[in-house]
Number of protein chains: 2
Amino acid sequence: MDYQSFCQQYQPSKKELFTQFYHFFKDKFSVKNERIAVEKLATIIEATFKLSANQSFANMSLRQLSKESGLSMGGLYAYIQNKQQLSLFIHEFLSYFVIKTINQVTNNKGCNNLECIIKTHIYLSELLQPWFFFAFMESKNLSRDEIKAAIQSDLLMESKLIEVIKCGQQEEIYSTILKAETVASLTKPLLSEWYLKRWKYKKRGMSIDQYCLAVMIFIERGLSSPHSLTELEQS
Amino acid sequence: MDYQSFCQQYQPSKKELFTQFYHFFKDKFSVKNERIAVEKLATIIEATFKLSANQSFANMSLRQLSKESGLSMGGLYAYIQNKQQLSLFIHEFLSYFVIKTINQVTNNKGCNNLECIIKTHIYLSELLQPWFFFAFMESKNLSRDEIKAAIQSDLLMESKLIEVIKCGQQEEIYSTILKAETVASLTKPLLSEWYLKRWKYKKRGMSIDQYCLAVMIFIERGLSSPHSLTELEQS
DNA sequence: AATAAAAAATCGAGCGTTCGCTCTATATTG
DNA sequence: CAATATAGAGCGAACGCTCGATTTTTTATT
C-alpha cells in the first residue's frame with residue numbers, strides 16, 4: 001500500500017467530507033438547506049484553519065473569521081452557537097472520522113502488522129493535515145469531558161499499536177527488551193512529527209512514502225548495523 | 001551520567017536562574033533593584049507558565065496574571081513593555097540558556113556520543129519543563145525574525161545530533177541505511193515527547209532515566225531481535 | 001410559466017463586557 | 001528626604017454576541 005492507492009480508496013472529496021460533518025452536527029445548525037450549509041461550513045472551517053495556523057484560535061476574532069469566510073457576523077452565527085463550539089466541532093468530528101477510518105482499514109484488509117497501522121495514520125494525517133494540526137495545537141479550549149471525548153481516537157491508535165507490537169514480540173520478530181507500551185508511546189510522536197513539521201520535509205524534498213519508509217526502518221531496527229548487532233547479541 | 005549527577009552540576013537554583021534572566025534583559029526593566037526584580041520576575045514568569053498551561057497565553061489576561069503573581073497592573077508593567085514581550089522574553093532566554101548549557105556540557109566532558117547529547121537535552125528539558133512546554137506551544141505570537149532567533153537552540157541540537165550520528169556511521173557502529181539527517185529529525189520528537197507528555201510517564205511510573213534508556217535502545221536498535229536481524233543481513 | 005406568499009438565510013449596526021495599557025497618586029526603600 | 005517601586009482607577013479599542021431589517025430561496029397558486 002502506498003499513499004496514492006490509499007487516497008483512491010479513502011480520500012473523501014471536500015463535499016463528501018463536509019456533508020458528513022453537516023450530518024454529524026445537523027441539529028446544531030439553524031440552516032436547514034444541506035447544499036448551502038455544506039458549502040458554507042467548508043469555507044468557515046477552512047478559514048478557521050488558516051487564521052488559527054497564523055495566529056492561534058484564541059487570537060482569531062470572529063470578525064476576522066467572518067471576513068475570511070465571506071459571511072457576516074449574523075451569517076456566521078447560523079452555523080455556530082459560540083466561538084468555543086467551533087473549536088469543539090473540529091475536535092469532535094476529527095476524532096469520529098479517524099476512528100471510523102481506522103476501523104474501516106483494519107477490517108477491510110488483514111491489517112494486523114505495524115507497517116499498515118502506521119501508514120494508515122500517517123496517510124490519514126496527510127489527508128486531514130490542517131485538522132490534525134489544529135487538534136494538537138488548540139486543545140486548551142476544551143473542558144475535561146470534551147478532552148476525554150476528543151482523545152478517544154488517540155487511545156484507539158495507541159491500543160492498535162500495542163496490539164501489533166505484542167503480536168510481533170510473541171512471534172519473536174520483535175525484541176522484547178522494550179515493553180510494547182513503551183514502543184507504542186515512542187512511535188506516536190513519530191506520527192505527529194509528519195503533520196506538525198510538514199513544511200520541513202516538504203522543503204527537504206522528502207515524500208510521504210519516503211517518510212513512512214524511514215519511520216518503519218527507524219522503528220524496526222533503528223541505527224543497528226550488522227556489525228554492531230553481533231556485539232549486542234554477545235552481551 | 002544520570003539525572004542526579006547532571007542536576008548537581010548544571011541545575012541552577014531559582015534565584016540563580018532568574019538572576020541570569022534579569023541580567024539578560026537588564027536594560028528593558030524599569031526596576032533597578034536586582035534583589036526585588038529577580039524575586040518579582042520569578043513570580044511573574046511562573047504565573048505565566050501556570051496560566052498559559054491552563055488556558056494558553058492568548059487567553060491569559062494581564063489582570064489574571066497580575067492577580068496570580070500578586071502585583072498590580074502598574075507593578076506588572078515595570079517588568080514588561082507589553083504582553084507579547086513577555087512571551088518573547090521567555091522564548092529568547094530559553095534559547096540562550098539551552099545553547100549555553102549544551103555548549104558547556106559538550107566542552108567539559110568528551111561528549112561526542114549520541115547518548116550524552118540526548119541525555120543532556122532530556123535532562124535540561126526536565127529542569128526547565130514549563131519553559132520548554134511554553135516555547136513549543138506558544139510560538140504563534142512571534143514575528144518571523146523572533147522565530148528565527150528562538151529556533152537557534154533547536155538547530156544547534158539538530159546539528160549536534162547529525163554530527164555524532166555521522167561519526168557513528170563512519171565508525172560502522174551505526175547503519176547507513178537512513179541518512180544521519182533523517183535519523184536526527186526522527187530523534188527530536190522523542191525528546192519533545194518527554195516535556196510535552198510528562199504527566200503520561202509520571203502516571204505510568206517511568207522515571208526520567210528509564211525514559212532515556214528506552215529512547216537510546218529505541219534509536220540504536222529499535223525493535224530488532226537477534227532472530228530478525230539475521231534475516232535483514234541476508235537481504 | 002409567472003407570480004405572490006411564506007420560509008429560510010444573511011446582513012451589519014449596536015450592545016455590554018473585557019481587553020491591553022497608561023498615568024497620577026501613594027507606598028516603600030536606602 | 002530623594003529615589004525607586006507599586007497601586008489601581010480610568011481610557012479607547014476590540015471582543016463575543018444579538019436581533020430587527022433585508023435579501024434570497026422555496027413553496028403554493030394560478
Side-chain angles (χ1 to χ4, degrees), chain A residues 18-19 22 25-45 47-48 51-52 54-90 138 140-143, chain B residues 18-19 22 25-45 47-48 51-52 54-90 138 140-143:
Chain A
F18 285 99
T19 300
Y22 172 72
F25 300 112
K26 200 167 185 174
D27 51 329
K28 305 280 179 60
F29 307 128
S30 76
V31 177
K32 300 301 167 198
N33 184 317
E34 179 173 322
R35 183 182 53 79
I36 293 175
V38 167
E39 189 194 333
K40 293 288 160 64
L41 280 171
T43 67
I44 291 171
I45 301 293
T48 303
L51 293 169
S52 296
N54 284 337
Q55 41 176 157
S56 88
F57 184 76
N59 276 323
M60 175 192 80
S61 78
L62 292 180
R63 274 165 244 268
Q64 281 182 297
L65 181 60
S66 77
K67 197 170 186 179
E68 184 71 32
S69 58
L71 273 104
S72 67
M73 288 298 292
L76 196 55
Y77 270 83
Y79 296 95
I80 56 171
Q81 258 114 42
N82 52 61
K83 188 185 175 185
Q84 100 119 343
Q85 194 189 50
L86 174 57
S87 171
L88 185 57
F89 278 172
I90 295 172
E138 309 290 350
K140 296 282 171 62
N141 315 298
L142 306 182
S143 70
Chain B
F18 285 99
T19 301
Y22 172 72
F25 300 112
K26 200 167 185 174
D27 51 330
K28 306 279 179 58
F29 308 128
S30 75
V31 177
K32 300 301 167 197
N33 184 317
E34 181 174 319
R35 182 183 54 79
I36 293 174
V38 167
E39 187 193 334
K40 293 288 158 65
L41 279 171
T43 68
I44 291 171
I45 301 294
T48 303
L51 293 170
S52 296
N54 285 338
Q55 42 177 161
S56 87
F57 183 76
N59 277 323
M60 173 193 81
S61 77
L62 292 180
R63 274 165 244 269
Q64 283 181 296
L65 180 60
S66 78
K67 197 171 187 178
E68 183 73 32
S69 57
L71 272 104
S72 67
M73 287 298 291
L76 196 56
Y77 270 85
Y79 296 95
I80 56 170
Q81 257 113 43
N82 52 62
K83 187 185 176 184
Q84 99 119 345
Q85 193 188 50
L86 174 57
S87 171
L88 185 58
F89 277 172
I90 295 172
E138 308 291 351
K140 295 283 172 61
N141 315 298
L142 305 182
S143 70

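Both backbone and side-chain heavy atoms feed into the values below; hydrogens, waters and symmetry mates do not. Numbers restart at 1 for each chain; the letters A, B, ... are given by sequence-line order, proteins then strands.
For A:Arg35, a side-chain nitrogen or oxygen approaches OP1 or OP2 of D:dT26 to under 4.0 Å. For A:Lys40, a side-chain nitrogen or oxygen approaches OP1 or OP2 of C:dT10 to under 4.0 Å. Phosphate proximity of D:dT26 to A:Asn33: present, with a side-chain N or O under 4.0 Å from OP1 or OP2. Note on B:Lys83: a side-chain N or O is less than 4.0 Å away from OP1 or OP2 of C:dG20. Between A:Ser72 and the phosphate of C:dG12, there is no side-chain N or O to OP1/OP2 separation shorter than 4.0 Å. In this structure, A:Tyr79 reaches the C:dT10 phosphate: one of its side-chain N or O atoms is under 4.0 Å from OP1 or OP2.
Computed from coordinates, the B:Phe29 CZ to D:dT4 P distance equals 17 Å when rounded to whole Å. What separates CD1 of A:Ile80 from P of D:dG16 is a distance of 10 Å, to the nearest Å. To the nearest angstrom, P of D:dA5 lies 13 Å from CD of B:Glu39. One interatomic measurement links the two molecules: CD of A:Gln84 to P of D:dC15, which rounds to 19 Å at whole-angstrom precision. B:Leu51 has its CG atom 12 Å from the P atom of C:dG20, to the nearest Å. The distance from atom CG of B:Leu41 to atom C1' of D:dA5 is 13 Å, rounded to the nearest whole Å. Separating the NZ atom of A:Lys32 from the C1' atom of D:dT27 is a distance of 18 Å, rounded to the nearest angstrom. Distance OH (B:Tyr77) to C1' (D:dG10): 14 Å, rounded to an integer number of Å.
When each of A:Met60 and A:Gly75 is assigned the nucleotide of DNA chain D bearing its nearest heavy atom, the one mapping closer to the 5' terminus is A:Met60. When each of B:Gly74 and B:Ile36 is assigned the nucleotide of DNA chain C with its nearest heavy atom, B:Gly74 is the one assigned upstream, toward the 5' end.
Within the nucleic acid shown, B:Leu76 has no heavy atom closer than 4.0 Å to any nucleic acid atom.
Residues passing the salt bridge (Lys or Arg N to Asp or Glu O under 4.0 Å) test with B:Glu34, sequence neighbours excluded: none.
Side-chain proximity of A:Arg63 to the nucleotides C:dT10, D:dC17, C:dC21 is greatest for D:dC17. Among the nucleotides D:dG8, D:dC17, C:dA9, the one closest to the side chain of B:Met73 is D:dG8. Set against D:dA7, C:dA9, C:dC11, the side chain of B:Leu71 has D:dA7 as its closest nucleotide. Taking the side chain of A:Ser61 as heavy atoms from C-beta on, and the options C:dG20, D:dC15, D:dT6, the nearest nucleotide is D:dC15.
At distances below 3.5 Å, at least one donor-acceptor pair connects side-chain atoms of A:Glu138 with backbone N or O atoms of A:Phe57.
Once rounded to the nearest 0.5 Å, the distance linking CG of B:Leu142 with CD of B:Gln84 reads 7.0 Å.
Taking the ring centre of A:Phe18 as origin, the terminal cationic atom of A:Lys40 falls outside the region bounded by 6.0 Å and 45° from the ring axis.
Within 6.0 Å of the NZ atom in B:Lys67, the count of heavy atoms belonging to other residues, nucleotides or ligands does not exceed 12.
Using the six-membered ring where Trp is involved, B:Tyr79 and B:Phe29 have ring planes that are tilted, between 30° and 60° apart.
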